[in-house]
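Position 1 is the first residue of the sequence; numbering continues from there. Whatever order the structure lists them in is the order used to number ligands and atoms, beginning at 1.
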Amino acid sequence: MRVLGIETSCDETAVAVVDDGEKVLASLIAGQAALHGRFGGVVPELASRAHLETINPLLDAALAEAQTDLHELDGVAVTVGPGLVGALLVGMATAKAVALALDLPFIGVNHLEGHIYANVLEHGHPDHPYVAFIVSGGHTMLVHVPEEHRYELLGQTLDDAAGEAFDKVARFVGLPFPGGPEIDRLAQRGNPAAIAFPRALAGSGDFDFSLSGLKTAVVRHVRAERDAGREVDLADLAASFQEAVVDVQVDKTMGAAEERKVSTVLLAGGVVANTRLRERMAEAAEANGLALRYPSPELCTDNAAMIACAGFFRLAKGERTSLEVGADAGLPLA
Ligand code: KG4
Ligand code: ZN
């Protein structure tokens, strides 16, 4: 079954063609970092407009790369939420038009489930039950997955998402947008123990996260150093901030796996591209005898191959979404 996947929930326009949820024939991504960079974050109206300009040529290019005629498609999958409504609508209108014109099975995909399926795309199905840690620009959550397509929320951030915190801290110290990869790079030559930043909600006994205090602590530290006439070592700052984020994430993820008595942990979302997070999770999983799965860095951040893959497994079960479906900015996973 050859599925067209479309993803426009935030600031990447992405189109993919995937066979049977596993063979990627094409996966194209047109990012908008340059467009939003000077504003220090994604501007929703600009994102929608850029999606609108990009989606048709990108669809043509993806089909050409996949050497696929529209008539050779067997299904269409598109992100319907969560995300920016105006941005989602562009991908959805395109996907619906293709499905309607060719009378193809149509499936709306939850963006977060898409991130989980980046793992399935690359490594096949994980054994159930498992615990998934989803961490991106908009989400930080731990989910228990007892069986395919069933998600139970264990905990999530009470304020900022981790990716958002990375981006805000990076912006504060003058790094380009998006800041996550910049902090990752800088941190590699910094000392993670240089500055003692707070580990909010560590040992709180639940699976919630809080990042706004850490962000404030970073700002306060930088201001205090500057006021004292000292130069801030950005590599040390990045490494110490990143370590504080990752410490809590590793602890809570391992705690959730233990509480739910699962033997597999799966990581999903853009922040999973983070070198230190991957490293620390791998160490902890090994120490705890857990199987750990995460996608390669390119598949961690937003793409349409993961949407086509997630859509395929629902379509294969006979599931269909009505073409009447609307975009849902706050669509929950669980
Ligand atoms: O999943 P994603 O592409 O989009 C959302 O669904 O939000 O995640 C984007 C987020 C951004 O905040 C970006 O800074 C962060 O993931 N990110 C990283 C890294 N690569 C991307 N954060 C830390 N380290 C990275 N290497
Ligand atoms: Zn995402």
*asked:* Side-chain heavy atoms nearer than 4.5 Å, only ILVMFWY residues, links allowed to pass through others: does that put Val271 and Val245 together?
replied: yes
*Rounded to the nearest 0.5 Å, how far does CZ of Phe197 lie from CZ of Phe241?*
8.5 Å
*With atom 9 (C) of ligand 1 as the reference point, say which of Gly137, Gly179, Gly83, Cys10 has the nearest heavy atom.*
Gly137
*Which one holds for Asp184 and ligand 1: side chain close, backbone close, both close, or neither close, with close meaning a heavy atom under 4.0 Å?*
side chain
*the Zn ion (ligand 2) as vertex, arms to NE2 of His111 and NE2 of His115: angle to 10°?*
90°
*Are any of the N or O atoms of Thr275 closer than 3.5 Å to those of ligand 1?*
no
*Could you tell me how the ring of His128 sits relative to the ring of Tyr130: parallel (under 30°), tilted (30 to 60°) or perpendicular (over 60°)?*
tilted
*From atom 21 (C) of ligand 1, work out which of Ala187, Gly270, Gly138, Gly180 has a heavy atom at the shortest distance.*
Gly270
*Taking 4.0 angstrom as the limit, do Asp206 and Lys252 come out as a salt bridge?*
yes
*Between CG of Leu331 and CG of Asn110, what distance do you get to the nearest 0.5 Å?*
4.5 Å
*Is it the side chain (CB and beyond), the backbone, both or neither of His139 that lies under 4.0 Å from ligand 1, heavy atoms counted?*
neither
*Of all the atoms in ligand 1, which lie at a distance below 4.0 Å from a heavy atom belonging to His115?*
1 (O), 6 (O)
_Part of Asn274 within contact of ligand 1 (heavy atoms, under 4.0 Å)_ = both
_Shortest-distance N, O or S atom of Asp302 relative to the Zn ion (ligand 2)_ = OD1
*Heavy-atom gap Pro181 to ligand 1 smaller than 4.0 Å*: yes
*Pick from Val245, Asp167, Ile183: the one approaching atom 14 (O) of ligand 1 most closely through a non-hydrogen atom*: Asp167
*In Å, rounded to the nearest 0.5 Å, how long is the span from CD1 of Ile183 to CG of Asn274?*
9.5 Å
*Spell out, yes or no, whether Val173 and Ile195 are grouped together once hydrophobic residues are joined by side-chain heavy atoms under 4.5 Å, including indirect joins.*
yes
*Would you please determine whether Arg185 falls within less than 4.0 Å of ligand 1 on a heavy-atom basis?*
no
*Could you give the distance from NE2 (His51) to CD (Gln32), rounded to the nearest 0.5 Å?*
4.5 Å
